[in-house]
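This report concerns only the one structure given below.
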Amino acid sequence: MKPSFYERPVLDVARDLIGCAVRHGGCVGVIVETEAYHDSEPACHAFVGLTRRTETLFGPPGRAYVYRSYGIHALLNAVCEPAGVGAAVLIRALEPVEGLELMAARRGLDGAAPARALCSGPGKLTQALGIELTENGCDLARGPVVIEPRAAGWGDVPVSVGRRIGITKAVELPWRFCVTGSRFISAPVRAVEDR
DNA sequence: CATGGGATTGACT
DNA sequence: GTCAATCCCATGC
């Protein structure tokens with residue numbers, strides 16, 4: 001995807017990335033779950049302003065923001081909006097389509113493990129695709145981590161909206177997007193009016 | 001320089 | 001349902 005795709009309101013990009021594909025390390029998966037983050041709200045790392053950690057978030061759109069979570073997992077984001085704005089889309093789940101055996105091996109799972117176990121969470125998918133912190137800042141059009149346009153059949157899938165997962169601030173914002181009814185997402189979507 | 005908190009996951013009661 | 005692993009980095013003394 002070109003930089004112009006990402007240089008738009010982060011909520012639009014989060015919705016439009018549903019159905020696109022992520023390619024890395026000999027594996028491909030279709031994005032079925034995303035969340036939006038923006039420096040105007042406190043759940044976003046960029047809320048604290050420009051620091052060493054948030055450099056990539058405030059940089060040009062179309063780059064990967066990869067950071068370590070809980071000391072264990074690498075989480076993948078796509079940087080959005082013009083340079084100077086700290087915004088990104090967290091990739092939370094993929095439907096595996098290529099390199100399933102390699103994904104299972106990287107995840108330490110048996111080859112017979114169900115496909116839904118491979119990439120159904122932001123830490124799981126980076127492990128399955130072999131994405132590490134060294135990919136932070138990489139150009140998502142050139143790689144090593146590449147995001148590709150929607151393939152046939154993914155052009156017009158229904159999308160559900162809900163609240164973001166695993167955060168303690170700004171929990172009420174409906175900034176999570178999922179393929180409606182997908183078995184490959186990390187957790188069920190609760191209706192926005194549920195609270 | 002010391003401290004504390006995670007955009008999570010998997011193992012266990 | 002509970003809980004620990006583990007490390008980067010922002011903050012405060």
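Throughout, protein chains are lettered first and strands after them, A, B, ... in sequence-line order, and every chain is numbered starting at 1. Quick caveat: nothing in here was measured; it's all calculated off a predicted structure.
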Single hit among Glu172(A), Glu41(A), Glu35(A) for salt bridge (Lys or Arg N to Asp or Glu O under 4.0 Å) with Arg164(A):
Glu41(A)

Would a single hydrophobic cluster contain both Tyr70(A) and Ile167(A), if residues Ile, Leu, Val, Met, Phe, Trp and Tyr are joined by side-chain heavy-atom contacts under 4.5 Å?
no

Using the salt bridge (Lys or Arg N to Asp or Glu O under 4.0 Å) rule, collect all pairs that involve residues 46-67 of chain A, keeping only residues at least two apart or in two chains.
none

Taken in chain and number order and not counting sequence neighbours, the residues that satisfy ring-ring contact (aromatic ring centres under 6.0 Å, His included) with Tyr67(A) are His45(A), Tyr65(A)

Could you state the interatomic distance from CD1 (Ile18(A)) to CZ (Phe177(A)), rounded to the nearest 0.5 Å?
8.0 Å

Listed partners of Asp39(A) passing side chain to side chain donor-acceptor pair (under 3.5 Å), at least two apart
none

Whether the side chain of Thr126(A) engages the backbone of Ala74(A) through a donor-acceptor N/O pair (distance < 3.5 Å, no angle test) should be reported.
yes

Using nucleotides 7-13 of chain C, report all nitrogen or oxygen pairs with the protein that are shorter than 3.5 Å.
{"from": "dC7(C)", "atom 1": "O4'", "to": "Gly71(A)", "atom 2": "O", "distance (Å)": "3.3"}
{"from": "dA10(C)", "atom 1": "OP1", "to": "Thr51(A)", "atom 2": "OG1", "distance (Å)": "2.9"}
{"from": "dA10(C)", "atom 1": "OP1", "to": "Arg53(A)", "atom 2": "N", "distance (Å)": "2.6"}

With sequence neighbours left out, what residues match Arg8(A) under side chain to side chain donor-acceptor pair (under 3.5 Å)?
Asp16(A)

Using a strict heavy-atom distance below 4.0 Å, which residues from residues 88-98 of chain A are in contact with DNA chain B?
Leu90(A), Arg92(A)

Just how far is it from atom CZ of Phe47(A) to atom OH of Tyr37(A), taken to the nearest 0.5 Å?
14.5 Å

On DNA chain B, does the nearest nucleotide to Tyr65(A) precede the nearest nucleotide to Arg107(A) from the 5' side, or the other way round? Give the residue.
Tyr65(A)

Hey, where on DNA chain B does chain A first and last touch, going 5' to 3'? Cut-off is any atom under 4.0 Å from a heavy atom.
dG6(B) to dG10(B)

Please list every donor-acceptor pair under 3.5 Å in which a side-chain atom of residues 81-95 of chain A meets a protein atom from a residue at least two apart or in another chain.
{"from": "Glu81(A)", "atom 1": "OE2", "to": "Val10(A)", "atom 2": "N", "distance (Å)": "2.7"}
{"from": "Arg92(A)", "atom 1": "NE", "to": "Glu33(A)", "atom 2": "OE2", "distance (Å)": "2.8"}
{"from": "Arg92(A)", "atom 1": "NH2", "to": "Ser186(A)", "atom 2": "OG", "distance (Å)": "3.2"}

To the nearest 0.5 angstrom, please state how far the CG atom of Leu17(A) sits from the OG1 atom of Thr34(A).
6.5 Å

Say you draw a straight line from CG of Leu125(A) to NE2 of His73(A); how long is it, rounded to the nearest 0.5 Å?
11.5 Å

How many angstroms lie between atom CG of Asn136(A) and atom CZ of Arg68(A), to the nearest 0.5 angstrom?
11.5 Å

Is the shortest side-chain heavy-atom distance between Thr180(A) and Val157(A) below 4.5 Å?
no

Sorted by first residue and then second, give each side-chain hydrogen bond (donor to acceptor under 3.5 Å, both in side chains) pair with at least one member in residues 99-111 of chain A; sequence neighbours left out.
Arg107(A)-Gln127(A)

Let's see if you get this right: which residues in residues 11-43 of chain A place a heavy atom under 4.0 Å from DNA chain B?
Tyr37(A), Ala43(A)

Do Pro60(A) and Tyr6(A) have side chains that approach each other closer than 4.5 Å (heavy atoms only, starting at C-beta)?
no

Output the pairing pattern of DNA chain C as a dot-bracket string, 5' first, Watson-Crick or G-U wobble with both distances under 3.5 Å, | for cross-strand pairs, [ ] for crossing pairs.
|||||.||||||.

Please give me every residue in residues 109-123 of chain A whose heavy atoms get under 4.0 Å of an atom in DNA chain B, ordered by residue number.
Gly121(A), Pro122(A), Gly123(A)

If I take atom SG from residue Cys119(A) and atom NZ from residue Lys124(A), how far apart are they, to the nearest 0.5 angstrom?
9.5 Å

